[in-house]
Amino acid sequence: MEITSVTSPRMRLDHLEKEGSKESHGENFELELSHNVSDRNHQFHSMNALEILRETVRILRYNSSSFMIIAALLICPVSAVLMSNLLVDQSIVKRLTVRLLLVAKTSGLPLRPFIKQSCQRFAETAVSSAMCFPLFITLSLLSKAAVVYCVDCTYSRKSADVSKFFVIIGKFWRRLVSTYVWMCMVIVGCVTTFFVFLLAACSVLSVIGFMPDLIVYAMVMMGLVFSVVFANAIVVCNIGIVICVLEEVSGPQALLRAGVLIKGQTQVGLLIFLGSTIGLAFVEGLFEHRVKTLSYGDGSSRIWEGPLLVIMYSFVVLVDSMMSTVFYFSCRSYTMEASAVEYQSMLETITASAEPLGVQWHHYVHCYAIG
């Protein structure tokens, strides 16, 4: 890492002349300086969730073709399989649901419709995640890396190149997979810990003699607390994937680095996660009602509604990945020391090592602002 200059990672699209060409459009997509870099006492304000969304839209508009290709080739196939439950064996889901209900009843939970639906939903999610894991660790992970690469190229005002991307992927794919496996372990650990504490608490309350309604209320409160913890874990994992691509760390070190990086910006990350979760849940609900469940007409509209909802779901996933990358740059700007620091990403390092193989790269520098 070398020490040079500082600029803000926030970007702006300047007003283009009506007769401006595509080349002039790229030249106007510049890094925005909030203050003069010579002032050591200047402060760059971190981006809130709305600003990150706007920044994401700007990047998407600037490099729309690359992101649309990523969505079409890498995200849409996974979304189609995931939403349609194509790989899910319903018999396994039923058996798992029954066992979850038996465990819930043994722990003293009343088998209310809410409890039954929750058990069934969790069983479907668990089986679907297990069956789709090969897709997650290949296409989905590749799409995340491609999004980070394209955002990185956009900030450096370089064109994204497929051949260069695959050279990069070949260099750090094992590190990326390692980080993703650790991410899955963290998520499974959070869910397992929650269920252990939930069942233990419900059992204790049942033995003490609490009413079933009070046990349900206690379960709901524990669920709310878990939701916040789980959301934080997802935010850390998403930033960990970005760090694995852009920095020379992977695995648990990338996740620890992500946890340190988002300090002071946790609320922004949670808002991003909340918005993405609501968007994905909304599209999933529409798919469940309009495509899976034949509740109206003769079902002929499924022919176009199904693909449309898959595209919508894929677009939300794409935007979520882009926002996570932009959030990473915002956190970098927020947490860096009050001195001019140049950050050389892993992409540039791999580029330098690839040049002897005949791959010619234009080196670029990521500059960050200091708050």
Side-chain angles (χ1 to χ4, degrees), residues 82-133 136 181-238 252 255 259 266-267 269-289 292-293 295:
L82 184 64
M83 295 178 68
S84 62
N85 289 335
L86 189 63
L87 302 179
V88 176
D89 188 346
Q90 293 300 324
S91 62
I92 299 178
V93 174
K94 291 180 180 179
R95 289 199 296 269
L96 182 57
T97 303
V98 171
R99 292 187 179 183
L100 289 175
L101 291 174
L102 289 176
V103 172
K105 186 177 182 179
T106 304
S107 301
L109 285 172
L111 298 183
R112 306 285 176 81
F114 167 73
I115 303 296
K116 295 180 179 179
Q117 292 175 3
S118 298
C119 290
Q120 182 178 1
R121 181 61 179 172
F122 177 79
E124 290 179 353
T125 302
V127 175
S128 178
S129 299
M131 294 295 101
C132 295
F133 183 77
F136 292 154
V181 170
W182 274 95
M183 183 184 82
C184 294
M185 292 172 61
V186 169
I187 294 174
V188 172
C190 288
V191 174
T192 303
T193 303
F194 167 69
F195 275 106
V196 169
F197 277 102
L198 177 65
L199 296 178
C202 292
S203 299
V204 170
L205 293 177
S206 178
V207 170
I208 294 176
F210 277 79
M211 296 177 60
D213 290 340
L214 294 178
I215 297 178
V216 173
Y217 292 149
M219 182 195 70
V220 171
M221 294 303 298
M222 291 185 65
L224 292 176
V225 174
F226 166 74
S227 298
V228 177
V229 176
F230 184 75
N232 275 279
I234 295 296
V235 172
V236 170
C237 290
N238 289 338
L255 299 181
T266 305
Q267 184 179 2
L270 292 178
L271 288 175
I272 294 174
F273 172 79
L274 179 62
S276 301
T277 302
I278 292 176
L280 293 175
F282 178 73
V283 178
E284 284 182 351
L286 287 177
F287 192 89
E288 183 76 26
H289 176 69
K292 289 185 180 180
T293 304
S295 57

If I take atom [atom1] from residue [X] and atom [atom2] from residue [Y], how far apart are they, to the nearest 0.5 angstrom?
{"X": "Ile187", "Y": "Trp182", "atom1": "CD1", "atom2": "CH2", "result": "14.0 Å"}
{"X": "Ser128", "Y": "Leu82", "atom1": "OG", "atom2": "CG", "result": "4.5 Å"}
{"X": "Gln90", "Y": "Glu124", "atom1": "CD", "atom2": "CD", "result": "6.0 Å"}
{"X": "Thr192", "Y": "Met185", "atom1": "OG1", "atom2": "CE", "result": "11.0 Å"}
{"X": "Asn238", "Y": "Ser276", "atom1": "CG", "atom2": "OG", "result": "8.5 Å"}
{"X": "Leu101", "Y": "Gln120", "atom1": "CG", "atom2": "CD", "result": "9.0 Å"}

Does any non-hydrogen side-chain atom of [Y] lie less than 4.5 Å from one of [X]?
{"X": "Ile115", "Y": "Met219", "value": "yes"}
{"X": "Met131", "Y": "Asp89", "value": "no"}
{"X": "Leu270", "Y": "Leu274", "value": "no"}
{"X": "Leu224", "Y": "Met221", "value": "yes"}
{"X": "Ile272", "Y": "Val235", "value": "no"}
{"X": "Phe133", "Y": "Cys184", "value": "yes"}

- Please determine if Arg121 and Glu284 form a salt bridge, counting it only when a charged side-chain N lies under 4.0 Å from a carboxylate O.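 Looking at Arg121 and Glu284, the cut-off is met.
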- Item | Residue pair Val191, Phe230: steps toward the side chain to side chain contact (heavy atoms under 4.5 Å, CB included) verdict | CA-CA 8 Å; Val191 174; Phe230 184 75; 4.0 Å; yes
- Message: Please list all pairs meeting salt bridge (charged side-chain N to carboxylate O under 4.0 Å, His left out) that have one or both residues in residues 182-200, counting only residues at least two apart or in different chains.
- Response: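 Pairs touching residues 182-200 that pass the test: none.
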- Is it the case that more than 12 heavy atoms not belonging to Phe282 sit under 6.0 Å from its CZ atom?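 No, the 6.0 Å shell around CZ holds no more than 12 heavy atoms from other groups.
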- Query: What are the two closest non-hydrogen atoms of Cys190 and Phe226, and how far apart are they?
  - Reply: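 In terms of heavy atoms, the two residues are closest at O-CE1, 3.5 Å.
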- Nearest non-hydrogen partners of Leu96 and Val127, listed with the distance: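 What the structure gives for the nearest pair is CD2-CG2, 4.1 Å.
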Considering only distance and modelled atom types, tabulate donor-acceptor pairs under 3.5 Å from the side chains of residues 193-209, sequence neighbours left out.
unit_1, atom_1, unit_2, atom_2, d
Thr193, OG1, Gly189, O, 2.7
Ser203, OG, Leu199, O, 2.8

Can you give the donor-acceptor pairs under 3.5 Å from side chains of residues 105-114 to other protein atoms, not counting sequence neighbours?
unit_1, atom_1, unit_2, atom_2, d
Thr106, OG1, Leu102, O, 2.8
Ser107, OG, Val103, O, 2.9
Arg112, NH1, Asp213, OD1, 3.2
Arg112, NH2, Asp213, OD1, 2.5

